[in-house]
Peer 1: 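Let me give you the structure first, and then I'll get to my questions.
Both counts, for ligands and for their atoms, begin at 1 and track the order of listing. Bear in mind that the values here come from a model prediction, so they are computed numbers and not experimental data. We use all heavy atoms of the structure for the numbers below, so side chains are in, but hydrogens, waters and symmetry mates are not. The first residue of the sequence shown is numbered 1, and numbering continues consecutively from there.
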Amino acid sequence: MVSRGFFGLRRPQPSRPLPPGQYWEQGFPVLTAGVTPQISLKEWRFSITRDNDELKTWTWDEMLALPQSDITVDIHCVTKWSILDSRWRGVSIDTFLEASGLDVPEQFVMAYCYGGYTTNLPMADVRQGKAYVAWEFNGEPLEPRHGGPARLLVPHLYFWKSAKWVRGLRLIDKDAPGFWEQAGYHMRGDPWNEERYWGD
Ligand SMILES: Nc1nc2c(c(=O)[nH]1)N[C@H]1C(S)=C(S)[C@@H](COP(=O)(O)O)O[C@H]1N2
Ligand SMILES: [Mo]
């Protein structure tokens, strides 16, 4: 027999395994390089861009008119916290690309943001339901400090790839490092392979 009291002394455990080196965080920490930009819904835009041309741009209302998804996912930050079962509402990147009607031969994207942050992603990691522009978190409008009005959500990669205050995706032929990648973070960032830094 095992005493229940013994287990009572243990910290609560996550209901499923976390990627290597991660711990379970029950809050929602804020991690921002710089200040929180304030963007009104009126001025908010999201674009698909090639070179410096905005090939297709959506206003807030135009985005809301696209098919939406509710997704429940775990999130893993390179600073080692993970949150479980976070609930989001957004529009998949597939939907934006399909609605743009563009021919998209490029194999990478650079997400760019209000405030200047960037992060690079392989095209395969933002298609087939893997990435979203999201504006609701756990049933509430996304707070500005967490990227509101809307952020990129790429839950299967470390959370630095989920660009807050996202303003667009630039289609690029060749991979190039974004903000944290230039500082030594991994070009892809798969938490299950512990791709934290260059050389991982
Ligand atoms: N625009 C922008 N997006 C960003 C960042 C940032 O500094 N600016 N930080 C990244 C990092 S390192 C992490 S871990 C997550 C943190 O998101 P949170 O503050 O909502 O937890 O946002 C990512 N997206
Ligand atoms: Mo991070």
Peer 1: Does ligand 1 have a heavy atom under 4.0 Å from the side chain of Trp180, from its backbone, from both, or from neither?
Peer 2: side chain
Peer 1: Does Glu106 pair with Arg50 as a salt bridge, N-O distance under 4.0 Å?
Peer 2: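 Yes, charged N to carboxylate O under 4.0 Å.
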Peer 1: In the protein, which heavy atom is nearest to atom 9 (N) of ligand 1, and how far is it?
Peer 2: Leu31 O, 3.2 Å
Peer 1: Go through the side-chain N and O atoms of Thr119 and Tyr185 and say whether any donor and acceptor fall under 3.5 Å apart.
Peer 2: no
Peer 1: What I want to find out is whether Glu98 reaches Arg127 closely enough, with some N-O distance under 4.0 Å, to be called a salt bridge.
Peer 2: no
Peer 1: Contact between Cys77 and ligand 1, counting heavy atoms under 4.0 Å?
Peer 2: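 Yes, Cys77 has heavy atoms under 4.0 Å from ligand 1.
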Peer 1: Is Tyr158 near ligand 1, meaning one of its heavy atoms is under 4.0 Å from it?
Peer 2: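 So Tyr158 does not count as touching ligand 1.
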Peer 1: Using a strict 4.0 Å cut-off to heavy atoms of Trp165, name the atoms of ligand 1 that fall inside it.
Peer 2: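 Every atom of ligand 1 under 4.0 Å from some heavy atom of Trp165: 1 (N), 2 (C), 8 (N).
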Peer 1: Establish, for the pair Arg167 and Tyr114, whether the NZ or CZ atom is under 6.0 angstrom from the six-membered ring centre and no further than 45 degrees off its axis.
Peer 2: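 Judged by the rule (NZ or CZ under 6.0 Å from the ring centre, within 45° of its axis), Arg167 counts as positioned above Tyr114.
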Peer 1: When rounded to the nearest 0.5 angstrom, what is the spacing between CG in Leu171 and CE in Met123?
Peer 2: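 So the CG of Leu171 and the CE of Met123 are separated by 5.0 Å.
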Peer 1: Are any of the heavy atoms in Tyr185 under 4.0 Å away from ligand 1?
Peer 2: no
Peer 1: Output yes when the distance from some N or O of ligand 1 to some N or O of Ala33 is under 3.5 Å, and no in every other case.
Peer 2: yes
Peer 1: What are the two closest heavy atoms between Asp173 and Phe108, and how far apart are they?
Peer 2: O-CD1, 3.5 Å
Peer 1: Do the charged groups of Asp74 and Arg16 touch, with an N to O distance under 4.0 Å?
Peer 2: yes
Peer 1: Nearest protein heavy atom to atom 10 (C) of ligand 1, by residue and atom, and its distance?
Peer 2: Tyr117 OH, 3.5 Å
Peer 1: With heavy-atom distances below 4.0 Å as the criterion, list the atoms of ligand 1 near Pro29.
Peer 2: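 The list of qualifying atoms is 18 (P), 19 (O), 21 (O).
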Peer 1: What is the closest protein heavy atom to atom 1 (N) of ligand 1, and at what distance does it sit?
Peer 2: Lys164 O, 2.9 Å
Peer 1: Answer with yes or no whether Ala163 contacts ligand 1, where contact means a heavy atom under 4.0 Å from a ligand atom.
Peer 2: yes
Peer 1: If you have a sec, work out which protein heavy atom is nearest atom 24 (N) of ligand 1 and how many Å separate them, to one decimal?
Peer 2: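 Nearest protein contact, heavy atoms only, for atom 24 (N) of ligand 1 is Ser162 O, 3.1 Å.
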Peer 1: Residue-level breakdown please: for Tyr112 versus ligand 1, do any non-hydrogen atoms fall below 4.0 Å on the side chain, on the backbone, on both, or on neither?
Peer 2: neither
Peer 1: Below 3.5 Å, N or O to N or O, backbone or side chain included: is there any such pair between Thr32 and ligand 1?
Peer 2: no
Peer 1: For ligand 1, find out whether one of its N or O atoms is nearer than 3.5 Å to an N or O atom of Tyr114.
Peer 2: no
Peer 1: Within the distance-only criterion (no hydrogens, no angle test), does the side chain of Thr118 pair as donor or acceptor with the backbone N or O of Phe179 below 3.5 angstrom?
Peer 2: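 Looks like yes, one N/O pair under 3.5 Å.
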Peer 1: Regarding atom 23 (C) of ligand 1: of the candidates Phe137, Phe28, Phe159, which has the closest heavy atom?
Peer 2: Phe159
Peer 1: In ligand 1, which numbered atoms sit nearer than 4.0 Å to a non-hydrogen atom of Val30?
Peer 2: 19 (O)
Peer 1: Near Trp81, which atoms of ligand 1 are under 4.0 Å from a heavy atom of that residue?
Peer 2: 21 (O)
Peer 1: Knowing that exactly one of Lys161, Arg188, Gln182, Arg170 qualifies, which makes a side-chain contact (heavy atoms from CB on, under 4.5 Å) with Asn120?
Peer 2: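 It is Lys161, the one option of Lys161, Arg188, Gln182, Arg170 that forms the side-chain contact (heavy atoms from CB on, under 4.5 Å) with Asn120.
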Peer 1: How far is atom 12 (S) of ligand 1 from its nearest protein heavy atom, and which residue and atom name does that atom have?
Peer 2: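 Ranked first by proximity to atom 12 (S) of ligand 1 is Trp160 CB, 3.4 Å.
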Peer 1: Among Trp58, Tyr132, Phe96, whose side-chain contact (heavy atoms from CB on, under 4.5 Å) with Val91 holds?
Peer 2: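 Between Val91 and the candidates, side-chain contact (heavy atoms from CB on, under 4.5 Å) is satisfied uniquely by Phe96.
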Peer 1: Residue-level breakdown please: for Arg151 versus ligand 1, do any non-hydrogen atoms fall below 4.0 Å on the side chain, on the backbone, on both, or on neither?
Peer 2: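 Side chain only.
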Peer 1: Is the gap between the ring centers of Phe137 and Phe28 under 6.0 Å?
Peer 2: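 Ring centres of Phe28 and Phe137 closer than 6.0 Å.
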Peer 1: So which atom in Trp198 and which in Glu181 form the shortest heavy-atom distance, rounded to 0.1 Å?
Peer 2: NE1-O, 3.1 Å
